[in-house]
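No hydrogens, no waters, no symmetry mates; every other heavy atom, side chains included, goes into these values. Throughout, residue positions are numbered sequentially from 1 according to the sequence presented.
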Amino acid sequence: MLLQAGDVFCVEGSMSVVSSFIRLAEQFWSTDNKADYGHAGIILNDQGKTFEVLWTAKKSDLSKYLGQKIIIARPTVLYGTEIAISSRVVEMTLANIIQATQGLPYPVHRLFLHLVPPLAKYVSLGKLKVCSELVAEYLKQVGARPFIASGINPDTLADMFIEWKNFDVLYEGVFKGVEY
C-alpha cells in the first residue's frame, strides 16, 4: 500500500464500550443504516504515522489498528473541480493543524452532542474537536470538502470517501499493515 502525507482513514475502533456506543449512535442517524467506523485520523507519511485525536490530539501509528476494519482514502482534487490538491498545500495544512491542536484534550462532552448531530454541528466550543471533526477540518482546509467540520462523524467521512469523486479509496478491509 503506497501511503502519502495527507491520506485520511476511518477505522472500526477498539471493541470498547465507547467505540461500540459511537457506532450505535452513528447507525441510528445514518442514511444507509450502517456504521462500520468509529474513529478517524490523518496519515502523515508513507510509513503510516498518523495524527489523531485519542485522549489528546497527538501523533500515533496505523499499526495499532492491525486486524481492524479500515478505509484509507486520498483527497485528489478540490471539491467540485478537476484541480489537483497540491502536495505543498497538504504539507502546510498538516503543519497548521498539528500546531493548532497537538496536545489538546479529547472533548468528551462533544460525544453527547453527537447523539443529536445538529447539536454537534451548531454547538462548538473553540478548537476542541473529536477525531472525525479534526479530519473534516483538515479536508476543508485542503479544499476537499466545503462544509463546516463540526458534527461530522467517522461514518459520514467513510461514506464521503466512497461516494464523492474527489477521493480515491486506497484500501478498505481488514488492516494488515502498510507493507501489505
Side-chain angles (χ1 to χ4, degrees), residues 6-14 18-44 50-58 60 62 65 68-80 85 89-90 93-94 96-98 100-102 104-170 172:
D7 291 347
V8 290
F9 70 94
C10 294
V11 67
E12 190 173 27
S14 67
V18 174
S19 287
S20 297
F21 177 72
I22 289 169
R23 288 193 310 275
L24 185 64
E26 288 174 336
Q27 183 177 355
F28 180 79
W29 291 99
S30 175
T31 57
D32 61 6
N33 201 36
K34 66 177 191 161
D36 295 327
Y37 303 104
H39 180 65
I42 307 166
I43 296 171
L44 298 178
T50 63
F51 189 71
E52 315 170 46
V53 181
L54 298 161
W55 288 111
T56 61
K58 66 180 185 176
S60 190
L62 276 178
Y65 303 116
Q68 292 187 38
K69 185 172 183 181
I70 193 169
I71 184 170
I72 301 172
R74 178 171 297 145
T76 54
V77 296
L78 298 174
Y79 179 80
I85 295 172
V89 168
V90 166
T93 304
L94 285 173
N96 289 340
I97 292 270
I98 291 169
T101 61
Q102 190 163 14
L104 292 177
Y106 188 91
V108 175
H109 65 280
R110 289 204 49 77
L111 287 178
F112 297 103
L113 295 173
H114 278 264
L115 288 173
V116 182
L119 290 177
K121 181 177 179 180
Y122 295 110
V123 177
S124 183
L125 302 171
K127 292 193 251 181
L128 299 179
K129 298 179 182 338
V130 298
C131 61
S132 50
E133 292 172 330
L134 178 78
V135 173
E137 181 62 30
Y138 160 75
L139 293 171
K140 178 183 173 197
Q141 288 185 28
V142 296
R145 65 181 305 275
F147 314 114
I148 64 171
S150 297
I152 297 297
N153 65 48
D155 178 61
T156 301
L157 285 174
D159 290 347
M160 185 185 316
F161 301 160
I162 293 166
E163 296 167 7
W164 291 16
K165 60 185 173 184
N166 61 316
F167 289 93
D168 287 342
V169 174
L170 306 176
E172 184 172 21

Closest non-hydrogen atoms of Cys131 and His39, given as atom of the first, atom of the second and distance, are SG-ND1, 3.4 Å

Straight-line distance of Ile42 CD1 to Leu134 CG, nearest 0.5 Å:
4.5 Å

So, taking the atom named CD in Glu172 and the one named OH in Tyr37, what distance separates them when rounded to the nearest 0.5 Å?
3.5 Å

Hey, mind stepping through Asn153 and Thr156 against side chain to side chain donor-acceptor pair (under 3.5 Å) and telling me if it holds?
CA-CA 5 Å; Asn153 65 48; Thr156 301; 3.1 Å; yes

Residues Phe167, Asp7; criterion side-chain contact (heavy atoms from CB on, under 4.5 Å); working and verdict
CA-CA 10 Å; Phe167 289 93; Asp7 291 347; over 6 Å; no

Correct closest heavy-atom pair for Pro107 and Val53 would be CD-CG1, 4.4 Å

Quick one: side-chain hydrogen bond (donor to acceptor under 3.5 Å, both in side chains) partners of Ser60, sequence neighbours excluded?
Lys64

Students often mix this up, so state it plainly: with edges at 30° and 60°, are the rings of Tyr65 and Phe9 parallel, tilted or perpendicular?
tilted

N/O donor-acceptor pair under 3.5 Å between Glu12 side chain and Asp36 backbone:
no

Does the plane of the ring in Phe147 sit parallel, tilted or perpendicular to the ring in Trp164? Use 30° and 60° as the thresholds.
perpendicular

Provide the closest heavy-atom pair for Ser150 versus Arg110 in the form atom of the first, atom of the second, distance.
CB-NH2, 4.0 Å

Using 0.5 Å steps for rounding, measure from the CD atom of Glu52 to the CD1 atom of Ile43.
9.5 Å

Donor-acceptor contact present, side-chain Thr56 to main-chain Leu104, <3.5 Å:
no

So which atom in Ala144 and which in Asn166 form the shortest heavy-atom distance, rounded to 0.1 Å?
O-ND2, 2.8 Å

Taking atom OG1 of Thr93 and atom CD1 of Ile98, what is their separation to the nearest 0.5 Å?
11.0 Å

Using every non-hydrogen atom in the two residues, find where Leu170 and Arg74 come nearest and quote the distance to one decimal.
CD1-NH2, 3.5 Å

Just wondering, do Gln141 and Ile97 contact through their side chains at under 4.5 Å, heavy atoms?
yes

From CG (Leu139) to OH (Tyr79), nearest 0.5 Å
13.0 Å

Would Leu128 and His109 count as a side-chain contact (heavy atoms from CB on, under 4.5 Å) here? Give the steps.
CA-CA 10 Å; Leu128 299 179; His109 65 280; 4.3 Å; yes

Might you point out which heavy atoms bring Gly6 and Tyr138 nearest each other, and give the distance in Å?
CA-OH, 3.0 Å

What's the separation between atom CG in Leu157 and atom CD in Glu133, rounded to the nearest 0.5 Å?
10.0 Å

Of Ile71, Thr50, Val135, Val142, which is the lone residue that meets side chain to side chain contact (heavy atoms under 4.5 Å, CB included) with Val8?
Val135

